[in-house]
Amino acid sequence: MNYAYQELAIWLTNRENHRTDTEHEDSLIGKLFLFQFVNSYASFFYIAYIKQNIGDMCIGSCMEELSIALATIFLTRLIVGNATKFVTFYIGRMLRERQEKNEAEEARLEGDTNFFKEKSRAEKDYYLDDWDPMLGTLENYSQISIEFGFVTLFVAAFPLVSIDICVFVCILYINTIY
């Protein structure tokens with residue numbers, strides 16, 4: 001749902017009439033944080049603080065149910081996030097290679113010998129994926145803040161979260177540097 005909420009936040013922010021880019025970005029960041037906060041923590045807050053007080057029965061104890069829910073979310077985020085990045089990278093690479101192969105075939109049929117020379121850096125950069133400087137960085141920082149929220153709010157229910165978060169933050173930090 002975070003993807004749908006991101007699209008909704010972008011759509012709502014674009015419909016507002018901001019005077020500056022900074023106001024636009026601040027409004028978008030506020031909406032994204034609110035949507036992701038509710039999406040990420042609502043079910044856990046319900047299990048931890050509300051469920052037992054309104055008379056719903058927990059599976060075992062509420063702490064056990066919370067720990068199972070946290071483990072499930074962490075494993076799902078880890079597996080789905082890495083699989084998505086790998087699949088999109090792999091498909092993008094295959095599509096770029098296919099496009100280059102088609103262009104080479106067209107150039108060969110037309111007799112263009114300049115096409116087969118070594119490509120310049122600018123020509124190679126043309127085929128790279130687009131990176132939105134604001135949304136890309138914002139996505140990385142929002143993932144880090146959501147993960148730290150899990151650590152600070154629910155570490156008593158699932159202590160392994162803190163180890164997972166340290167590894168996750170190190171990987172994100174390395175990815176943003178390079």
Side-chain angles (χ1 to χ4, degrees), residues 1-50 66 69-70 72-100 103 119-155 157-158 161-178:
M1 289 302 294
N2 276 340
Y3 178 75
Y5 289 143
Q6 179 178 347
E7 293 299 317
L8 177 64
I10 292 170
W11 182 78
L12 288 172
T13 305
N14 288 339
R15 295 193 45 92
E16 298 170 356
N17 190 18
H18 297 287
R19 291 183 184 176
T20 63
D21 287 341
T22 304
E23 288 178 4
H24 181 270
E25 291 171 1
D26 290 344
S27 178
L28 179 61
I29 289 168
K31 286 178 186 66
L32 286 174
F33 180 77
L34 178 68
F35 289 155
Q36 288 182 355
F37 181 84
V38 170
N39 188 43
S40 298
Y41 303 129
S43 62
F44 300 123
F45 273 111
Y46 175 75
I47 294 170
Y49 303 114
I50 300 172
L66 183 60
L70 281 167
T72 303
I73 290 296
F74 275 113
L75 289 175
T76 303
R77 286 182 74 147
L78 181 68
I79 292 169
V80 170
N82 287 334
T84 302
K85 286 181 183 178
F86 177 75
V87 167
T88 55
F89 173 76
Y90 185 72
I91 290 174
R93 191 177 80 187
M94 283 181 27
L95 291 175
R96 283 191 299 275
E97 288 174 358
R98 183 181 297 162
Q99 182 180 4
E100 288 178 6
E103 289 175 357
K119 290 186 168 57
S120 69
R121 180 69 186 161
E123 290 172 323
K124 290 177 183 177
D125 286 347
Y126 176 76
Y127 290 106
L128 293 176
D129 292 333
D130 291 334
W131 172 259
D132 187 349
M134 190 204 138
L135 287 178
T137 306
L138 182 62
E139 182 179 323
N140 288 340
Y141 282 117
S142 68
Q143 286 179 355
I144 291 172
S145 65
I146 294 294
E147 299 295 330
F148 276 125
F150 281 127
V151 168
T152 56
L153 295 172
F154 305 111
V155 72
F158 190 58
V161 168
S162 59
I163 296 170
D164 182 40
I165 297 307
C166 292
V167 171
F168 181 76
V169 169
C170 290
I171 290 170
L172 272 179
Y173 181 71
I174 290 168
N175 286 340
T176 55
I177 291 175
Y178 297 106

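What you see below is based on every heavy atom in this structure, not just the backbone, and it leaves out hydrogens, waters and symmetry mates. What you are looking at is a predicted structure, and each value in this text was computed from that prediction instead of being measured. When a residue number appears, it is its place in the shown sequence, counting from 1.
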Separation between OH of Y141 and CD1 of I146, rounded to the nearest 0.5 Å: 15.5 Å
From H24 atom NE2 to N17 atom CG, the distance as rounded to the nearest 0.5 Å: 10.5 Å
Residues I73, F44; criterion side chain to side chain contact (heavy atoms under 4.5 Å, CB included); working and verdict: CA-CA 10 Å; I73 290 296; F44 300 123; 3.3 Å; yes
Summary of salt bridge (charged side-chain N to carboxylate O under 4.0 Å, His left out) pairs that have at least one residue in residues 26-50, sequence neighbours excluded: E16-K31
T84 (side chain) donor-acceptor with V80 (main chain) under 3.5 angstrom: yes
E100 with R96: basic N within carboxylate O range, under 4.0 Å: no
Gap between atom CG of N2 and atom CG of N39 - 0.5 Å precision: 4.5 Å
Partner set under side-chain contact (heavy atoms from CB on, under 4.5 Å) for E139, not counting sequence neighbours: Q143
Min side-chain heavy-atom separation H18-T13 under 4.5 Å: yes
Atom pair CZ (F37) and OG (S142), whose distance is rounded to the nearest 0.5 Å: 14.0 Å
Partner set under salt bridge (Lys or Arg N to Asp or Glu O under 4.0 Å) for R121, not counting sequence neighbours: D125
Between CZ on residue R15 and CG on residue L12, distance to nearest 0.5 Å: 8.5 Å
Residues in side-chain contact (heavy atoms from CB on, under 4.5 Å) contact with F86, at least two apart in sequence or another chain: none
Closest approach of Y41 to G149 (non-hydrogen atoms, all atoms of both residues): OH-CA, 3.1 Å
Stepwise side chain to side chain contact (heavy atoms under 4.5 Å, CB included) test for Y5 and L34: CA-CA 10 Å; Y5 289 143; L34 178 68; over 6 Å; no
Contacts of I10 that satisfy side-chain contact (heavy atoms from CB on, under 4.5 Å) - sequence neighbours left out: Q6, N14, L28, L135
With sequence neighbours excluded, residues passing ring pair (Phe, Tyr, Trp, His ring centres under 6.0 Å) with F45: Y49, F154
Nearest-0.5 Å distance that lies between atom CD in E7 and atom OH in Y3: 4.0 Å
